[in-house]
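Read through the structure below, which is laid out as structure tokens, and then see the notes.
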Amino acid sequence: MTHTTYDGLPVAAEAPFGAAIVVYRRAATGLEFLVLHRAHDGPAFEGDWAWTPPAGARRPDEDPDACAKRELYEETKLDLPLQLTTHGSADWLVYMAHAPTDALVVLDAEHDRFEWVTADPAARLCRPDRVSAQLRAVAASLGA
């Protein structure tokens with residue numbers, strides 16, 4: 001069976017299948033987290049997978065670190081140092097990245113908007129629960 005992304009690109013047949021990158025910045029109000037709204041179901045959609053940190057599938061034979069770096073750049077145009085966390089799984093890795101407060105986010109066509117929000121609102125936006133739990137775990141490790 002061939003696995004592909006929503007837009008038909010091949011996905012790695014072995015784990016890890018992809019990566020999420022929890023991007024944070026230190027603002028005057030405290031730690032803020034970057035969440036992206038997916039455009040697939042329209043701007044009003046607020047269900048599962050509507051909001052997520054930057055994330056995506058690993059391509060066949062792609063190094064997991066390279067996947068995370070590529071996905072972050074493709075979705076946001078951010079080129080940041082990544083740190084692998086222990087908050088993912090064998091199937092889906094979770095990284096974190098610190099962004100400067102003046103970082104310019106440029107979205108790809110897959111997303112229609114983004115927000116920088118503190119940990120609790122970010123976790124409430126990001127569903128299903130496994131996505132929210134990953135974000136909360138990274139936030140807790142940062143003291144948020």
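A cation-pi contact, defined as under 6.0 Å to the ring centre and within 45° of the axis, is absent between K69 and Y73. For the pair R127 and W51, the NZ or CZ position fails the cation-pi test of under 6.0 Å to the six-membered ring centre and within 45 degrees of the ring normal.
For the residue pair A68 and A19, the shortest heavy atom distance occurs at CB-CB, 4.0 Å. Scanning both residues, A99 and W116, for their nearest heavy atoms gives CB-CH2, 3.9 Å.
Hydrophobic clustering (ILVMFWY, side-chain heavy atoms < 4.5 Å, transitive): L36 and L78 are in one cluster. Linking ILVMFWY side-chain heavy atoms closer than 4.5 Å, directly or via other members, places L82 and L84 in a single hydrophobic cluster. If you chain together hydrophobic residues whose side chains sit under 4.5 Å apart, L31 and I21 never meet in one group.
Crowding of D61 atom CG: a count of heavy atoms from other residues, nucleotides or ligands under 6.0 Å not exceeding 12. When the shell of 6.0 Å around CG of D129 is examined, it contains 12 or fewer heavy atoms from other residues, nucleotides or ligands.
Evaluation of the side-chain contact (heavy atoms from CB on, under 4.5 Å) rule for A39 yields D112 as partners, not counting sequence neighbours.
One finds a salt bridge joining R70 and E74 here, because a Lys/Arg side-chain nitrogen approaches an Asp/Glu carboxylate oxygen to under 4.0 Å.
Side-chain contact between L34 and F114: present, with at least one pair of heavy atoms (C-beta onward) separated by less than 4.5 Å. The shortest distance between side-chain heavy atoms of E46 and L125 falls below 4.5 Å.
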Hey, can you pull the donor-acceptor pairs under 3.5 Å for the side chains in residues 130-144, sequence neighbours left out?
| from | atom 1 | to | atom 2 | distance (Å) |
| --- | --- | --- | --- | --- |
| S132 | OG | A123 | O | 3.0 |
| R136 | NH1 | D120 | OD1 | 3.1 |
| S141 | OG | V138 | O | 2.7 |

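For residues 84-109, the pairs satisfying ring pair (Phe, Tyr, Trp, His ring centres under 6.0 Å) are Y24-H98, with sequence neighbours left out.
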